[in-house]
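The figures that follow rest on heavy atoms only: side chains count, while hydrogens, waters and symmetry mates do not.
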Amino acid sequence: MAIALPATAMADSDVKTTFQSSREWRPSIDNRADAVMVYGVGGNPSDNSKRISFEDRVDSWKQRGYTVHFMTGIAWGEYQDYFTGKWDGRWHLDEGQVTQRGDTIWHGHMVPYIVPSQNFLNYLKERHIKRVIDAGIDAIFMEEPEFWARGGYSDSFKKEWKDYYGFDWRPQHESPENTYLSNKLKYHLYYRALNEIFTFAKEYGKTKGMDVKCYVPTHSLVNYSQWQIVSPEASLASLPCVDGYIAQVWTGTSREPNYYNGVARERVFETAYLEYGSMESMTAPTGRKMFFLTDPIEDRAKDWDDYKRNYQATFVAQLLYPNIADYEVMPWPERIYEGLYKVSAASDSMARIPRFYSTQMQVMINALNSMPLSANRVSGSNGISVLMSNSLMFQRFPLHEGYDDPQLANFYGQAIPFIKRGVPVRTAHIENLAYPGTLADTKVLLMTYANMKPLDPEAHTHLAEWVKKGGVLVFSGSDKDPFQSVREWWNTGDNSYPTPSAHLFGLMDIPADAPAGEYKYGKGTVCVIRTDPKDYILNPGGDADFVSAVERLYSRNAKAGKLMYKNNFHLERGAYNVVAVVDESVSNGGYELRGKLIDLFDPNLPVVNYKRVSPGEQSLTLDIDRLESRRPQVLASASRVSHEEIGKKSYSYVAKSPAETHNVSRVLLPRQPKSVKIGGKECLDASRWDKWSKTYLAEFENSPEGVDVRFEW
């Protein structure tokens, strides 16, 4: 029989898995993560269901044992009472982001993307933040601080410009300098907004005796730069009021096409790997908490096979960062479990999530509940990093003087050639160079100023010191893009450098207009390549000389050993094997795993002694022989297990998962069971016992109320 056992909420610091929902608790969406982020005091703009009060939604999840947090948008949301004047008697729809044509950029009906004025921030504090804290919630997630690069023409933005710069607004389309200034302001406005909101939340929380934690769910710097959106990103990590982030990476961001070998197409795994990496490196030196997000579907209407295939790619990409073990397991379970999507790409028939996919998905998210941190490294030659800056977002729109960076090719041009050769390239943020750990594991640093500019000279001091101590810097760039000459610190005041690289080179006794070649500085080396990195991937075979140079510098100058090439990535995390095999690579062979393996991407959870992963595919398996304990335990399951009890000749637990889904569980036992009771009913089936692995395969219909499972031997 089904039994209902109470669960207890956990401390915020112990939350490992979470999800966001604008809905009240319902049996069909009860995925049993540690916490739920209840979305919006007024709900979600894309959710047209009947509203219930925010407090009632919060209470419905608390009654089911969830730790309850709060999420809402900082750049958009259900804030119609502000825009229509119900809050302060004044109309505020003119505070939306506006394009050159005079069009407001909308997120939904009566929901514009916002120019975050001081008045709007006061509204958020009074109408939303106070109400959330008054409801007893002590963790606030303000998501997606986004200012579209094509925006910047509204009267409200012009006012902010005058206040910030002290002179009248200048149209961004008229010059590179105006574009740069416009985007710096957009960047500042959301930096200010989050600083003010979070500082207020923490101070107000203290008046209630609460220690309020504040987080920023945000797309990666890679994605925002590619999608032409400006956001504060790495700079927020220095704010004392920011406790952490959610890396909003999923199929929708990672399927954005990029170039390699002259071909533009989706490369979901490779892009996701770089997206998660840019988020991990953004916070790793600061010690802030980071949740990685994956989504079993995405915003765009596709078919279930498309969703499943790309979910696996992004899921494995996130697991290749072994120092991150906190996860947002899904956004919007209401659309995942209850939404209707195409049954295949060639069909117009719509259906809810297939049972086999919901089973697989729940096995995967329950693996996240136990996914360990690991000191292991991804297989391959480590120590190559690509330098990034928030200013990647400043040069994307509009085009000036005919200079284009298609699909962020100047960034991908440095990274994709090595990922395609199985080299686990990492990223480093120029804003974090003051932290000692930023380049601690980097042997060769790849950089360019063709797509970004340093926001202050201090970064160059740190780079020069790193090279002096033995680092190898590879600078690719013609320094001819139109943003080289914008009025900035390198050409104003006491500085008169023609380009930012000239200042960097000067610190290392290298000529300002250094021709291509290698230069020694201290114990280190600077290699100058006078080619913009986009040319490495826009042209077939264009990366050959670049890769050859890095290979030589890696072994000879950095003394890091031979640069190994392969077509795969493999990481061991505890008993888990995480594998991805890339196509367009050095070989077409598959990656082979051997052991006592449970295939976690197969909803039947088979135990196999051999697994082959082909190019373009990913795999997650659990090796039973690497388990730390041989005690009776559920090794993999499409439900979450609690209330475990181990007797001399018995093992029991309660399994919970959403209604209308199917459970498959692989359970480790000391010997073949004599009795298997599920929901109080005897269900023993000798054919489900696997003698080799000493596991029993249990199956039953899931229930959020809990299903009692008991084994006896």
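- Remark: side-chain polar atoms of Y341 are not paired, donor with acceptor, to backbone N or O of I336 under 3.5 angstrom.
- Using a 30° and 60° split on the angle between ring planes, Y357 and W304 fall in the perpendicular class, above 60°.
- Remark: side-chain polar atoms of T314 are not paired, donor with acceptor, to backbone N or O of T251 under 3.5 angstrom.
- Of the candidates F19, F54, Y39, F19 is the only one forming a ring pair (Phe, Tyr, Trp, His ring centres under 6.0 Å) with W61.
- Closest approach of A698 and I678 over heavy atoms only: CB-CD1, 4.5 Å.
- Looking at E328 and Q248, their side chains never bring a donor and an acceptor atom within 3.5 Å of each other.
- Here the straight-line distance linking atom OG of S637 with atom CZ of R666 works out to 12.0 Å at 0.5 Å rounding.
- Taking a 6.0 Å sphere around NZ of K342, one finds it holds more than 12 heavy atoms contributed by other residues, nucleotides or ligands.
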field: Audit row: D34, Y327, side-chain hydrogen bond (donor to acceptor under 3.5 Å, both in side chains) steps and yes/no
entry: CA-CA 10 Å; D34 294 335; Y327 303 97; over 6 Å; no
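- To the nearest 0.5 Å, atoms CG (D138) and SG (C214) are separated by 10.0 Å.
- Remark: K208 engages D134 in a salt bridge, criterion side-chain N to carboxylate O under 4.0 Å.
- Between V329 and L368 the shortest heavy-atom distance is CG1-CD1, 3.9 Å.
- Remark: the backbone N or O of A367 is paired with a side-chain donor or acceptor of S370 at under 3.5 angstrom.
- A side-chain donor from one of T17 and N369 sits under 3.5 Å from a side-chain acceptor of the other.
- A distance-only check finds a donor-acceptor pair linking the side chain of R57 to the backbone of G40 [under 3.5 Å].
- Aromatic rings of Y311 and F315 (six-membered ring for Trp) have centroids within the 6.0 Å cut-off, being under it.
- Side-chain contact annotation: D30 with Y337, donor-acceptor N/O pair under 3.5 Å absent.
- Side chain of E334 to backbone of S22: a donor-acceptor contact under 3.5 angstrom is found.
- Taking the six-membered ring wherever Trp is involved, the centroid distance between the rings of F569 and Y273 falls below 6.0 Å.
- Of the possible polar contacts, one joining the Y307 side chain to the K302 backbone as a donor-acceptor pair under 3.5 Å is found.
- Judged purely by distance below 3.5 Å, without hydrogens or angles, the side chains of N577 and R626 pair a donor atom with an acceptor atom.
- Formation of a donor-acceptor pair under 3.5 Å by the W250 side chain with backbone atoms of P296 is not found in this model.
- Using modelled atom types and a 3.5 Å distance limit, the side chains of S657 and N663 yield no donor-acceptor pair.
- By the 4.0 Å N-to-carboxylate-O rule, R64 lies close enough to E705 to be salt-bridged with it.
- The two residues P217 and P145 come nearest to each other via the heavy atoms O-CD, 4.2 Å.
- Contact check on E55 versus K62 returns no salt bridge, with no Lys/Arg side-chain nitrogen under 4.0 Å from an Asp/Glu carboxylate oxygen.
- In this structure, CG in N568 is found 13.0 Å from CD in E617, a value given to the nearest 0.5 Å.
- Judged by distance alone, with hydrogens and angles left aside, the side-chain atoms of E233 form a donor-acceptor pair with the main-chain N or O of L221 at under 3.5 Å.
- Atom CD of E572 sits in a crowded spot, with more than 12 heavy atoms from other residues, nucleotides or ligands closer than 6.0 Å.
- Under 4.0 Å is where a charged nitrogen must lie from a carboxylate oxygen, and between D306 and R255 at least one such pair does.
- Checked for salt-bridge contact, D303 and R309 miss the test: no charged N lies under 4.0 Å from a carboxylate O.
- A salt bridge does not link K596 to D690: none of the charged nitrogens lies less than 4.0 Å from a carboxylate oxygen.
- Between E256 and T271, the side chains place no donor N or O within less than 3.5 Å of an acceptor N or O (distance only, hydrogens not considered).
- With hydrogens and angles ignored, the 3.5 Å screen pairs a side-chain donor or acceptor of R573 with a backbone N or O of P372.
- Side-chain atoms of Q63 and D59 include a donor-acceptor pair closer than 3.5 Å.
- Closest approach of A655 and F700 over heavy atoms only: CB-CZ, 3.8 Å.
- Closest of all the heavy-atom pairs between I624 and R630 is O-NH1, 2.9 Å.
- Judged purely by atom type and a 3.5 angstrom limit, K202 uses its side chain to pair as donor or acceptor with the backbone of V212.
- Remark: R631 engages E644 in a salt bridge, criterion side-chain N to carboxylate O under 4.0 Å.
- In this structure, D623 does not pair ionically with K611, as no charged nitrogen and carboxylate oxygen lie closer than 4.0 Å.
- Judged by distance alone, the side chains of S278 and T427 never bring a donor and an acceptor atom under 3.5 Å apart.
- In this model, no donor atom of one side chain and acceptor atom of the other lie less than 3.5 Å apart for E143 and Y215.
- The aromatic rings of F292 and Y321 lie perpendicular to each other, with more than 60° between the two planes, well past the 30° mark.
- When all heavy atoms are compared, the tightest approach of L600 to Q360 is O-CG, 4.1 Å.
- Summarising the local packing, CD of E645 is surrounded by 12 or fewer heavy atoms from other residues, nucleotides or ligands at distances under 6.0 Å.
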